[in-house]
Amino acid sequence: MKTHVTIIGAGLGGLTLARVLHLHGIPATIYEAETSADTRTQGGQLDIHEYNGQLALEAAGLTDEFRAAIHEGGEAVRVLDQHGAVLLDQPDDGTGGRPEVLRGDLRRILINSLPSEMIQWGHKVTGVRPLGDGRHELTFADGPTVTTSLLVGADGAWSRVRPLLSDAKPEYVGTSFIETYLYDADQRHPAAAKASGDGSLFAVTAGKGILGHREAHAVLHTYVALNKPQDWIAATLASPETAAARLAAEFTGWAPELTALITDGETVLAPRPISALPIGHRWDRVPGVTLLGDAAHLMSPFAGEGANLAMFDGAELGKAIAAHPDDIEAALAEYEQALFPRSARFAAESDKNHQLIFGDNAPAGLLNLLTDQEPTE
């Protein structure tokens, strides 16, 4: 007998799980708080790794669709110092293992691969309670309840499902990104566009940096990074009229083509505080429920593994369920046995990279990281 799988969250991980289950003929329903696939923008570009994210898409039977969505040239990497001098310029020669794709495009590929009835939009979970024997009851903001014998929390950093398994909560790591965009950059912002190069841009010193991606159609997507308390970020961005100037003041003396990525931004500066779960987060086996993606192992983005791991988790969980359709507890135990050491390893790497990139000897740590050299003291 095949158990119906209830998935909370239509992010990349939950969608990948649903897709793999669908390919194996296992019924599943995703409940998503957003009212539609187009409710909000889905963030910027992701580098999809050959050792996890691409394997997940292969398991989902979506490799061709993924390849068609790749931003050609997006794997290029450029590192500048604060004065705009080029410290590293690595072109995308097409042979790398981390091609870039927009998160929104990847999510759309996954959504389109599922029967429309598999995703129940506008279902925000407000409560989850155990009923015993591995069964759980879900309550939604609009009133209905659902009972399930297999619940998967794919609901991100502030998961409603996680408390069934763990008391751990994400904590601020001390760094925030502030996000903005420049459009038609080659024509309207040529100096910033030239400085940014063809792919990823890094310009960092101790405790701060200007990071960016060139996206399709000459879009520059900027992430201003600062090691500041969250209340400082909130106060700095409180007034949209002065926010860009106040933020740029943290980069006084930097090259104007870099600070223009802040001052010429064409969208409201959006704070993205970075939080993480404890490295090595795990839980004891609880019947009928598990987690994947950020709900299981939220980490800082400095190893670029979050989306890749979420999709890989989803694919691995789907395959485990398909391998043990009549013994769900065996499937969940097998999945978690591999999940915990895998996520701990990458969480530790992300934390280490965070310290290297914004440490006292920046940008040397970043350069060592990108060129696979041992860090120097």
Side-chain angles (χ1 to χ4, degrees), residues 6-18 29-37 39-44 46 103-104 107 119-130 136-142 145-146 148 151-179 223 229-231 233-234 237 270-283 286 289-303 305-311 313-314 317 336 339-340 343-344 346-347 350-351 354:
T6 299
I7 304 165
I8 308 303
L12 298 180
L15 290 166
T16 303
L17 169 59
T29 302
I30 299 175
Y31 293 97
E32 168 56 48
E34 294 177 4
T35 55
S36 76
T39 298
R40 64 180 178 87
T41 59
Q42 294 298 314
L46 302 169
R103 181 187 291 269
R107 187 181 189 229
I119 306 176
Q120 297 296 306
W121 300 99
H123 282 67
K124 181 179 180 179
V125 175
T126 56
V128 186
R129 69 183 184 97
H136 293 84
E137 181 186 78
L138 305 173
T139 304
F140 301 96
D142 57 0
T145 61
V146 169
T148 180
L151 175 63
V152 180
D155 50 342
W158 310 103
S159 171
R160 287 277 188 173
V161 179
R162 188 192 300 122
L164 295 171
L165 298 166
S166 168
D167 293 330
K169 296 180 180 179
E171 294 187 1
Y172 182 54
V173 303
T175 301
S176 283
F177 284 168
I178 301 94
E179 185 179 24
Y223 304 88
Q230 287 181 270
D231 57 359
I233 300 292
L237 303 184
R272 307 288 186 227
I274 298 172
S275 298
L277 286 166
I279 296 172
H281 176 240
R282 61 173 60 214
W283 53 87
V286 174
V289 60
T290 194
L291 305 172
L292 63 78
D294 285 351
H297 46 64
L298 179 69
M299 61 190 71
S300 68
F302 301 109
E305 296 291 352
N308 286 279
L309 285 177
M311 291 190 295
D313 291 350
L317 177 55
E336 291 177 355
L339 169 74
F340 295 144
S343 56
F346 284 116
S350 294
D351 181 68
H354 180 203

Quick check for you: to the nearest 0.5 Å, what is the distance between [X] atom [atom1] and [Y] atom [atom2]?
| X | Y | atom1 | atom2 | result |
| --- | --- | --- | --- | --- |
| Leu277 | His297 | CG | NE2 | 9.5 Å |
| Leu15 | Ile30 | CG | CD1 | 4.5 Å |
| Leu12 | Asp313 | CG | CG | 12.0 Å |
| Ser275 | Lys169 | OG | NZ | 13.0 Å |
| Ser350 | Ile274 | OG | CD1 | 10.5 Å |

What's the shortest heavy-atom distance between [X] and [Y], and which atoms?
| X | Y | answer |
| --- | --- | --- |
| Ser343 | Phe340 | OG-O, 3.2 Å |
| Ile233 | Pro271 | CG2-CB, 3.9 Å |
| Pro130 | His136 | CA-CD2, 3.5 Å |
| Leu292 | Ala310 | CD1-O, 4.2 Å |
| Ala154 | Ile7 | CB-CG2, 4.1 Å |
| Ala276 | Val173 | CB-CG1, 3.8 Å |

Applying side-chain contact (heavy atoms from CB on, under 4.5 Å), can you list everything that pairs with Ala157, at least two apart in sequence or on another chain?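 Partners of Ala157 by the side-chain contact (heavy atoms from CB on, under 4.5 Å) criterion, ordered by chain and then number, come out as Leu298.
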
inquiry  = According to side-chain contact (heavy atoms from CB on, under 4.5 Å), who are the partners of Thr290, at least two apart in sequence or on a separate chain?
reply    =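 Listed in chain order: Val152, Trp283, Arg285, Leu317, Leu332, Tyr335, Glu336.
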
Main chain of [Y], side chain of [X]: is a donor-acceptor contact present, judged purely on distance under 3.5 Å?
| X | Y | value |
| --- | --- | --- |
| His281 | Ile279 | no |
| Arg107 | Gly11 | no |
| Thr126 | Thr139 | yes |

With side chain to side chain contact (heavy atoms under 4.5 Å, CB included) as the criterion, how do Val128 and Val289 come out once you've worked through the C-alpha distance, each side chain's angles and the decisive distance to 0.1 Å? CA-CA 11 Å; Val128 186; Val289 60; over 6 Å; no

* Asked: Just wondering, are more than 12 heavy atoms of other shown residues or ligands nearer than 6.0 Å to CG in Asp142?
  -> yes

Would you say Glu171 has more than 12 foreign heavy atoms packed within less than 6.0 Å of its CD?
no

Under the side chain to side chain contact (heavy atoms under 4.5 Å, CB included) criterion, do Asp155 and Val125 qualify, and how do the steps go? CA-CA 10 Å; Asp155 50 342; Val125 175; 6.0 Å; no

Is any side-chain heavy atom of [X] closer than 4.5 Å to a side-chain heavy atom of [Y]?
| X | Y | result |
| --- | --- | --- |
| Thr29 | Val146 | no |
| Arg162 | Pro170 | yes |
| Ile8 | Leu138 | yes |
| Leu291 | Ser159 | yes |
| Phe346 | Met299 | yes |

query: So Tyr223 and Phe177, would you call those rings parallel, tilted or perpendicular, with 30° and 60° as cut-offs?
result: tilted

If the plane angle is over 60° it's perpendicular, under 30° parallel, otherwise tilted; pick one for Phe302 and His354.
parallel

